[in-house]
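Worksheet for the structure shown next.
The analysis underlying the following values was restricted to heavy atoms, covering all of them including side chains, and did not include hydrogens, waters or symmetry mates. Note that ligands are numbered from 1 as they come in the structure, with each ligand's atoms numbered from 1 the same way.
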Amino acid sequence: MRSPGCCPIFLYFRGESIKNEKMLRTHTCGELRLNHVNEEVTLTGWVQRSRDLGGMTFVDIRDRYGITQLVFDMNSDKELGEKAQKLGREFVIQVRGKVAERSNKNKIIPTGDIEILAEALTILNRSKVPPFTIEDETDGGEELRMKYRYLDLRRRVNQKSIVLRHQMSIETRKYLNNQEFVEIETPYLIKSTPEGARDFVVPSRMSKDGFYALPQSPQTFKQLLMISGYDKYFQLVKCFRDEDFRSDRQPEFTQIDCEMSFVEQDDVLNTFEGLAKHLFKVIKGVDIDDFPKMPYEEAIRKFGSDKPDIRFGMEFVELSDVAQGKGFKVFDSAELVVGINAEGCADYTRKQLDKLTDFVKKPQIGAKGLVYVKYNEDGSFKSSVDKFFGQEDLKAWADRFDAKPGDLLLILAGEADQTRSALNELRLEMGNQLGLRDPDTFKALWVVDFPLLEWDEESQRYHAMHHPFTSPKDEDIHLLEEAPEKARANAYDMVINGVEIGGGSIRIHDRELQKKMFTALGFTKEEAQKQFGFLMEAFEYGAPPHGGIAFGFDRWVALFAGRDSIRDVIAFPKNNAGRDIMIDSPSSISEDQLKELNIKLREERKE
Ligand code: ASP
């Protein structure tokens with residue numbers, strides 16, 4: 001809920017010049033108001049736009065703080081006027097002049113009540129015509145903007161997001177510092193970490209055949225810091241994961257990484273719910289509700305997702321028992337029949353329903369088809385399966401959904417996991433269509449009690465669902481040997497508006513239990529020793545009980561900034577193929593460098 005009295009941090013700094021500073025300007029382009037009228041000022045910035053009206057030339061000058069209108073009057077100074085007429089877009093200029101009240105006020109910009117009657121103009125630098133307009137609604141496509149990212153970053157939308165990111169990092173540090181957390185840097189040149197993605201590797205010149213790996217997270221180091229006695233650690237830290245293209249991932253991204261000693265799960269959750277509330281309050285001006293806790297099993301059953309968007313209900317209703325056995329093959333052969341109630345949508349047209357059917361049949365969603373039931377206003381039912389189900393049957397379904405006349409039931413059937421995940425997509429789509437996913441409403445929750453392990457068909461072994469240092473729930477430890485897939489973990493995710501913002505766990509701090517975990521994961525003794533021997537050894541020197549969490553900082557900023565992609569809130573992001581097209585990287589290195597590193601490329605790679 002938005003709290004009326006609260007004042008969120010300005011997304012822009014006020015931009016008031018620090019007086020005694022000797023700078024090329026007296027004020028910024030976002031600063032001047034009516035109370036400055038008649039003052040003699042000097043501004044510097046970029047030419048946003050210039051309008052030549054013959055006798056008068058109007059120039060908008062821009063900097064990080066805003067835009068101010070300059071007026072060059074031919075009648076008062078012809079030479080100056082002519083100089084202004086020649087200004088091109090993005091020229092860097094310095095202007096001296098007098099602040100005047102505008103007769104034609106611009107209500108959209110904060111400086112819109114005034115203009116500067118220019119008296120002197122210095123061109124500090126010229127600019128080529130930029131390849132796209134430096135406006136919020138630019139004409140530049142993604143590729144072009146990324147190639148000229150330094151120009152893209154001049155656009156106000158981007159400057160706002162980058163400044164917001166800065167504010168969030170400062171406020172995170174303030175909150176954690178107040179809670180006595182210590183920020184400690186951990187190394188980037190390390191060896192493989194346990195997050196389960198592919199490592200980026202860096203050849204070592206000095207060790208000849210040795211390679212460093214870049215950290216997928218500081219996981220092992222932060223656990224070692226707990227053993228060292230720094231009982232509250234955090235770090236805003238770059239992490240590196242060499243993953244194949246998946247939407248909205250970056251090979252390098254930033255975490256707010258945290259770890260605490262002498263805590264249980266609720267202590268960690270409370271501390272970081274506090275961080276989230278602090279950021280909501282100071283950055284967004286929002287008092288957010290307490291976060292409910294939802295077991296993983298419930299999240300999957302009710303929403304088909306471990307990151308449910310709880311801004312709206314539309315919970316899943318299972319129908320297998322009432323819908324099977326009536327001769328409809330699709331249902332009869334399904335492991336699960338499950339649906340949602342799109343309230344008030346009984347008037348959906350054939351075309352709209354066909355579109356929904358096409359939506360669920362998209363390969364990335366993967367349903368075979370969609371069954372609908374319209375609960376008409378007159379109390380009758382119309383469905384796509386009328387041949388198999390009478391009005392009575394459909395009424396029984398509607399009761400399950402607590403449906404009212406006017407509602408529309410949308411039902412999927414098939415293999416349970418796959419059907420739930422398709423219905424999750426359909427629920428989110430309906431949430432969008434019905435305007436139930438307002439970006440200015442925020443609902444957060446903790447998803448808890450994740451399974452400890454998941455079976456991987458490809459490698460035919462268990463993988464840690466979080467990572468191998470996550471502790472099982474005490475009451476489930478015996479399952480590690482008996483039925484590993486049933487063991488639940490002391491692991492948790494923070495989810496806001498259907499976005500996984502962070503996740504963590506209480507760790508194993510006992511060497512014997514850690515050994516059991518490695519065995520369940522199919523590590524041989526030697527493998528475990530080679531990869532994590534240092535940590536196992538450290539566990540022998542008084543490891544305190546500990547646990548932690550890491551937040552995807554980029555994603556959190558994107559959520560607060562209302563931007564679609566984490567790329568929008570990273571100053572210099574990579575594209576979907578992991579390339580930085582501005583600096584043209586990755587790129588080849590010289591023969592000499594290769595030689596020094598003892599690396600020989602295969603012939604076909606050189607071309
Ligand atoms: N290292 C974990 C991750 O990157 C977070 C944690 O368990 O604290 O997901």
Side-chain angles (χ1 to χ4, degrees), residues 172 176 181-188 190-200 213-227 230-243 246 249-261 263-273 275-276 296 306-307 446-454 463-473 488-495 499-509 514 517 521 531-532 535 543-556 566:
T172 298
L176 292 173
F181 279 79
V182 179
E183 183 161 20
I184 306 174
E185 288 161 89
T186 50
Y188 283 158
I190 61 166
K191 70 181 205 178
S192 190
T193 36
E195 308 294 352
R198 199 178 285 116
D199 289 322
F200 279 102
L214 299 180
Q216 294 181 32
S217 82
Q219 185 62 37
T220 46
F221 286 96
K222 67 176 173 177
Q223 292 193 240
L224 292 172
L225 285 169
M226 293 303 108
I227 296 171
Y230 298 89
D231 61 358
K232 290 176 175 184
Y233 142 95
F234 86 101
Q235 185 181 190
L236 266 91
V237 63
K238 274 287 175 78
C239 300
F240 306 86
R241 297 184 192 177
D242 187 2
E243 289 173 306
R246 264 166 74 188
R249 297 260 171 156
Q250 284 281 303
E252 54 177 306
F253 60 97
T254 304
Q255 282 189 346
I256 308 171
D257 188 47
C258 312
E259 196 75 8
M260 304 169 80
S261 292
V263 287
E264 293 182 332
Q265 178 162 310
D266 275 351
D267 304 310
V268 180
L269 301 194
N270 289 338
T271 303
F272 293 99
E273 188 166 325
L275 170 65
Y296 170 88
D306 60 2
K307 38 178 189 290
W446 291 107
V447 176
V448 297
D449 299 351
F450 278 83
L452 185 69
L453 306 166
E454 56 189 345
H463 283 199
M465 189 139 174
H466 190 50
H467 52 57
F469 311 124
T470 295
S471 86
K473 289 194 151 310
R488 290 162 309 154
N490 279 320
Y492 32 79
D493 277 357
M494 184 191 283
V495 176
V499 180
E500 181 197 326
I501 291 292
S505 59
I506 297 298
R507 324 298 182 191
I508 298 171
H509 65 281
Q514 186 64 66
M517 180 71 174
L521 290 170
Q531 221 179 327
F532 302 118
L535 189 66
H546 60 286
I549 191 163
F551 296 95
F553 185 57
D554 312 284
R555 194 145 290 154
W556 203 340
I566 62 171

Modelled atom types, side-chain donor and acceptor of Thr186 and Gln235, under 3.5 Å: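 Per modelled atom types, Thr186 and Gln235 side chains form a pair under 3.5 Å.
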Value rounded to 0.5 Å, distance of NE2 in His467 from CD in Gln216: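 Atom-to-atom, His467:NE2 and Gln216:CD are 11.5 Å apart.
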Rounded distance [0.5 Å steps], CG in Leu535 versus OG1 in Thr220: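 Here the rounded value is 6.5 Å.
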Are any of the N/O atoms on [X], whether in the backbone or the side chain, positioned under 3.5 angstrom from an N/O atom of ligand 1?
X      : answer
Lys222 : yes
Gln216 : no
His466 : yes
Gln219 : yes

Of the backbone atoms (N, CA, C, O) and the side-chain heavy atoms from C-beta on, which set of [X] has a member under 4.0 Å from an atom of ligand 1: side chain, backbone, both, or neither?
X      : value
Thr470 : neither
Arg507 : side chain
Glu500 : neither

Result of checking Val447, Val268, Asp449 against Tyr492 for side-chain contact (heavy atoms from CB on, under 4.5 Å):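 Of the listed residues Val447, Val268, Asp449, the side-chain contact (heavy atoms from CB on, under 4.5 Å) partner of Tyr492 is Val268.
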Protein heavy atom at shortest distance from atom 9 (O) of ligand 1: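 In this structure, atom 9 (O) of ligand 1 has Glu195 OE1, 3.8 Å as its nearest protein heavy atom.
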Heavy-atom closest pair, residues Ser505 and Thr470: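 That closest heavy-atom pairing would be OG-OG1, 3.0 Å.
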Options Gly503, Ser217, Gly548, ranked by nearest heavy atom to atom 5 (C) of ligand 1, top entry: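 Closest candidate by heavy-atom distance is Gly503.
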contact_flag Arg241 ligand 1 heavy-atom lt 4.0 Å: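 Distance cut 4.0 Å: Arg241 passes for ligand 1.
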Parallel, tilted or perpendicular: ring planes of Phe181 versus Phe272, cut at 30 and 60 degrees: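 The rings of Phe181 and Phe272 stand perpendicular, inter-plane angle above 60°.
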Aromatic plane relationship, Phe240 with Tyr188 - under 30° parallel, 30 to 60° tilted, over 60° perpendicular: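 Perpendicular.
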